[in-house]
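One structure is given here, and the rest of the page talks about it.
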Amino acid sequence: MKLRIAPSPTGELHIGNARTALFNWLYARKHNGKFLLRIDDTDVERSTPEFQQNIIEGLEWLGIDWDEGFDKDSSISYKQSDRFERYEKIAQDLVEEGFAYEDDGAIRFKVKGDQNIYFEDYIRGDMNFNTNDIEDFVILRSDKTPTYHLASTIDDIDYEISIIARGEDILSSTPKHIMIMKALDAKVPDFCHLPLLFGPDGKKLSKRHGDTSVSSFKDQGILANAMFNYMSILGWSPGDDLEIFERDVAIENFDLKNVLPNPAIFDTVKLLWMNGQYIRNLNKDEFSKKAIDNISASLGREIFKEELERINIILPVVQERLETLNDITDQIKFLLDEPFTVNKEEWNGVNSENVQNYLKNIRENFKLMEKFDLQNIESMMREELKELNMKPKEGFQATRIAVTGTKISPPLFESIFSLGKPATIARLAEMIENL
RNA sequence: GGCCCCGUCGUCCAGAGGCCUAGGACGCUUGGUUUUCAACCAAGAAACGCCGGUUCGAAUCCGGUCGGGGCUGCCA
């Protein structure tokens, strides 16, 4: 059994293609079959090396690996632009055998009328097309480059693909491919036309729905495993109302024939939720590494040793508060060696005489505190609340603004602890002076 | 226009004739917890497009209809 994904490097790897790749991959892995990657770059005008690279990196990032194909075996090319001679030769042969004819320099496949083309689709069942509805189609352009129909079909034959699972947008082209295969006296493989992914407007997902490339989700701080999981539940389910599951569970339960026939709308909101779940499930070291890398990337610089120490303290409580990796920097920026400013507007909302006294008192207490740890910080701050007969929210919110700069922050005591004693005292002092 | 595909809560998925007064998840609303935010807990609103038929019985089968989508390129 051999399946394939054959993207065109005419754009970045988008999630529709990635999901098709994923389903092919799952099926191949489930049945110990082969999964092949081919580069369908017959459109020389629009294909670029950069897009090709983007596609390969996207698949690798998702952990969708291939056993055969592009870059795996240097003795054979899995890039269609390297095989133009072969396609041209076959097109000529088809002309000689009467299956095709020349038309203004191009070569068209001659569609015999009154025929029924039948195939059984894994998802849609019996498919019948009347050849009267199909016009003669170009297989070789006048510049001698092949069209998709020719090149793709020849490659599927040459590389012995046994199941072609691709997007439903190609469903109506399948009879053309079968006609070419029969003219070439080749074995017709199985077909499976996967439902399309739609945008929120119910139309085929494309550029006009914004950036839907896999790399853009990576850049947004989406985890590869979350992306993989989310894509897999679009049109398919492992059963038992399972939604978050490991790859081996997906492989174990996957079947192309259980993929739903109807299109699914790609919902970023649910992806974000799932990504949050995955972030929370990361172990400490994995998360720490990803977090530090992300912060460093977003700052565009290395993270200093002292910053790293502070960040590592706060990381466990930040981990539970993220939807994407990119949310981290905003939450820990009060710990960085960067200019620190307080949001004055937020402060005006919590300021009062009580609050001013509270800040002064805890500052003094911090100065005297011998063991600056979580427990002492919390008990002192609560004690001081009682002294002034204040509610927790009243004193804590003010402290939070003074220390982190905003009303929304990681938990207060952890924030103070990670910031350290001298900086905490300094920020409280600064706040008090500017009251 | 022609050909083809599709049709369960706003969205994703479960449901393969009686277990369905249709289940789970995201999102939403309300309440709880709470030092903010998140997380978490509890409750709630929310769907079988419509009309016929088959059947003792249909979300599930059939037909039609309506609606959505894809293709109809010397794009893929």
Side-chain angles (χ1 to χ4, degrees), chain A residues 6-11 17 40-43 45-47 80 103-108 121 123-125 127-135 137-152 166-176 193 195-196 198 200-204 230 232-244 258 260-274 276-277 280 317-323 327 331 346 350 378 381-382 385 391-401 404 406-415:
Chain A
S8 294
T10 55
N17 276 145
D40 277 16
D41 58 346
T42 53
D43 186 344
E45 294 289 314
R46 300 194 298 143
S47 296
Q80 295 187 331
D103 173 31
D104 286 343
I107 291 177
R108 275 182 197 279
D121 190 276
I123 294 174
R124 288 153 224 288
M127 298 295 308
N128 289 286
F129 288 85
N130 189 318
T131 54
N132 290 338
D133 296 319
I134 304 170
E135 292 182 20
F137 53 96
V138 172
I139 53 175
L140 198 77
R141 302 185 187 100
S142 41
D143 66 1
K144 306 299 178 204
T145 64
T147 63
Y148 165 76
H149 300 305
L150 211 226
S152 176
R166 76 235 296 199
E168 196 204 322
D169 49 347
I170 322 256
L171 182 58
S172 6
S173 293
T174 298
K176 294 177 184 171
H193 289 94
L196 262 18
F198 282 177
D201 61 349
K203 299 236 167 40
K204 185 162 89 160
Y230 179 68
S232 71
I233 61 163
L234 255 29
W236 179 74
S237 152
D240 294 329
D241 287 332
L242 251 186
E243 290 204 298
I244 294 187
N258 285 343
L260 259 26
N262 51 301
I265 292 175
F266 186 82
D267 179 13
T268 315
V269 175
K270 189 158 183 173
L271 168 63
L272 253 24
W273 163 80
M274 189 173 277
Q277 298 291 315
R280 271 169 224 118
V317 293
V318 168
Q319 182 172 5
E320 296 162 27
R321 265 154 257 265
L322 300 172
E323 262 187 343
D327 297 339
Q331 293 195 30
E346 294 188 348
V350 300
E378 175 164 2
M381 288 184 67
R382 289 197 188 278
L385 236 34
K391 288 188 171 160
K393 190 169 181 173
E394 208 183 349
F396 291 170
Q397 272 304 72
T399 311
R400 184 190 311 283
I401 294 172
T404 71
T406 68
K407 254 194 316 205
I408 296 173
S409 81
L412 186 54
F413 309 127
E414 279 85 350
S415 294

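This is a predicted model, so every value here is computed, not measured. Letters A, B, ... are given to chains in the order of the sequence lines, protein chains preceding strands, and every chain is numbered from 1. What's counted below: heavy atoms across the whole structure, side chains too, no hydrogens, waters or symmetry copies.
- Across all strands shown, A/Pro411 has heavy atoms under 4.0 Å from base atoms, whether or not it also approaches the sugar-phosphate.
- Nucleotide B/C40 forms a Watson-Crick or G-U wobble pair with B/G32, both donor-acceptor distances falling under 3.5 Å.
- In terms of heavy-atom proximity, A/Leu322 sits nearest to A/Gln331 at CD2-NE2, 3.7 Å.
- Between the side chain of A/Asp201 and the main chain of A/Lys203, a donor-acceptor pair closer than 3.5 Å is present.
- Rounded to whole Å, the P atom of B/C66 lies 35 Å from the corresponding atom of B/C20.
- We find that A/Lys270 and A/Asp267 are not joined by a salt bridge, their nearest charged nitrogen and carboxylate oxygen being 4.0 Å or further apart.
- One cannot find a donor-acceptor pair under 3.5 Å joining the base of B/C74 and the side-chain atoms of A/Thr147.
- On the P atoms, B/G15 is 39 Å away from B/C37, given to the nearest whole Å.
- Sequence order on RNA chain B of the closest nucleotides to A/Trp273 and A/Leu412 puts A/Trp273 first from the 5' end.
- When the C1' atom of B/G73 is taken as reference, atom CG of A/Asp103 falls 13 Å away, rounded to whole Å.
- The P atoms of B/G44 and B/C5 are separated by 42 Å, rounded to the nearest whole Å.
- Figure legend. B/C61 is base-paired to B/G53; pairs are counted as Watson-Crick or G-U wobble with both atom distances under 3.5 Å.
- Comparing B/A38 with B/C6, their P atoms are spaced 42 Å from each other, to the whole Å.
- B/G67 is paired with B/C6 under the criterion used here, namely a Watson-Crick or G-U wobble arrangement in which both key atom distances are under 3.5 Å.
- Panel note: side chain A/Thr145, backbone A/Arg141; no donor-acceptor pair is recorded below 3.5 Å.
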- [ ] Determine, for nucleotides 58-64 of chain B in 5'-to-3' order, which nucleotides have protein heavy atoms under 4.0 Å from the base (write B), from only the sugar-phosphate (write S), or from neither (write -).
- [x] -------
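- Listed candidates were B/U36, B/G69, B/C37. Nearest to the side chain of A/Arg400 is B/U36.
- Here A/Arg108 reaches the OP1 or OP2 of B/C74: one of its side-chain N or O atoms lies under 4.0 Å away.
- Remark: side-chain polar atoms of A/Arg321 are not paired, donor with acceptor, to backbone N or O of A/Pro410 under 3.5 angstrom.
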Task: Per-nucleotide protein contact string for nucleotides 1-17 of chain B, where B marks a base within reach and S marks sugar-phosphate only (heavy atoms under 4.0 Å, - for neither) - done: -SSSSSS---SBSS---
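- Look at A/Lys204 and you won't find any side-chain N or O under 4.0 angstrom from OP1 or OP2 of B/G69.
- Separation of the C1' atoms belonging to B/C19 and B/A14 is 14 Å when rounded to the nearest angstrom.
- The side chain of A/Arg382 has B/U35 as its nearest neighbour among B/U35, B/U36, B/C74.
- For the pair A/Ile401 CD1 and B/U35 C1', the computed distance is 12 Å after rounding to whole Å.
- At the heavy-atom level, A/Lys203 lies under 4.0 Å from the strands shown only through sugar-phosphate atoms.
- Listed pair A/Lys144 / B/C74 fails the phosphate criterion, with no side-chain N or O lying under 4.0 Å from OP1 or OP2.
- Taking atom P on both B/A22 and B/C48, the two are 11 Å apart, rounded to the nearest angstrom.
- Rounded to an integer number of Å, the gap from CG of A/Asp43 to P of B/A76 is 5 Å.
- Whole-Å rounding puts the A/Ile139 CD1 to B/G73 C1' distance at 15 Å.
- With both pairing distances under 3.5 Å, B/C48 is matched to nothing as a Watson-Crick or G-U wobble pair.
- When rounded to the nearest whole Å, the span between CD1 of A/Ile134 and P of B/G73 equals 12 Å.
- Looking at A/Ser237, its side chain never comes within 3.5 Å of a backbone N or O of A/Ile233 through a donor-acceptor pair.
- Residue A/Thr42 is in sugar-phosphate contact alone, with no base atom involved, counting any heavy-atom pair closer than 4.0 Å across all strands shown.
- Between A/Ile170 and A/Gln277, the one whose closest nucleotide on RNA chain B sits nearer the 5' end is A/Gln277.
- Residues passing the ring pair (Phe, Tyr, Trp, His ring centres under 6.0 Å) test with A/Tyr230, sequence neighbours excluded: A/Phe266.
- Looking at heavy-atom distances under 4.0 Å, A/Phe137 makes no contact with the nucleic acid at all.
- With sequence neighbours left out, A/Glu323 forms a salt bridge (Lys or Arg N to Asp or Glu O under 4.0 Å) with no residue at all.
- In this entry the distance linking NZ of A/Lys176 with P of B/A76 reads 11 Å, nearest Å.
- Among residues two or more places apart in sequence or in another chain, the side chain to side chain donor-acceptor pair (under 3.5 Å) test is passed with A/Thr42 by none.
- You'll find that the side chain of A/Asp40 is closest to B/A76, out of B/G70, B/A76, B/U36.
- Comparing the P positions of B/U8 and B/G1 gives a spacing of 24 Å, expressed to the nearest Å.
- Residues passing the ring pair (Phe, Tyr, Trp, His ring centres under 6.0 Å) test with A/Phe413 are A/Phe396, sequence neighbours excluded.
- Among the protein residues, A/Ser409 comes within range of the nucleic acid bases, having at least one heavy atom under 4.0 Å from a base atom.
- Nucleotide B/G27 forms a pair with no other nucleotide shown, judged by Watson-Crick or G-U wobble geometry with both contacts under 3.5 Å.
- Atom NE2 of A/His149 and atom P of B/G73 are 9 Å apart (whole Å).
- Of the P atoms belonging to B/C40 and B/C26, the separation is 8 Å, rounded to the nearest Å.
- Applying the 4.0 Å criterion to OP1 and OP2 of B/A76, one finds that A/Arg141 has a side-chain N or O inside that range.
- For the pair A/Thr10 (side chain) and A/Arg46 (backbone), a donor-acceptor distance under 3.5 Å is absent.
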- [ ] Applying side chain to side chain contact (heavy atoms under 4.5 Å, CB included), run through A/Asp40 and A/Ser152 and close with a yes or a no.
- [x] CA-CA 7 Å; A/Asp40 277 16; A/Ser152 176; 4.1 Å; yes
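- Rounded to an integer number of Å, the gap from A/Glu414 CD to B/A39 C1' is 14 Å.
- Across every non-hydrogen atom of A/Arg166 and A/His193, the tightest pair is CD-NE2, 3.2 Å.
- Among the nucleotides B/U36, B/U35, B/C26, the one closest to any side-chain atom of A/Val269 is B/C26.
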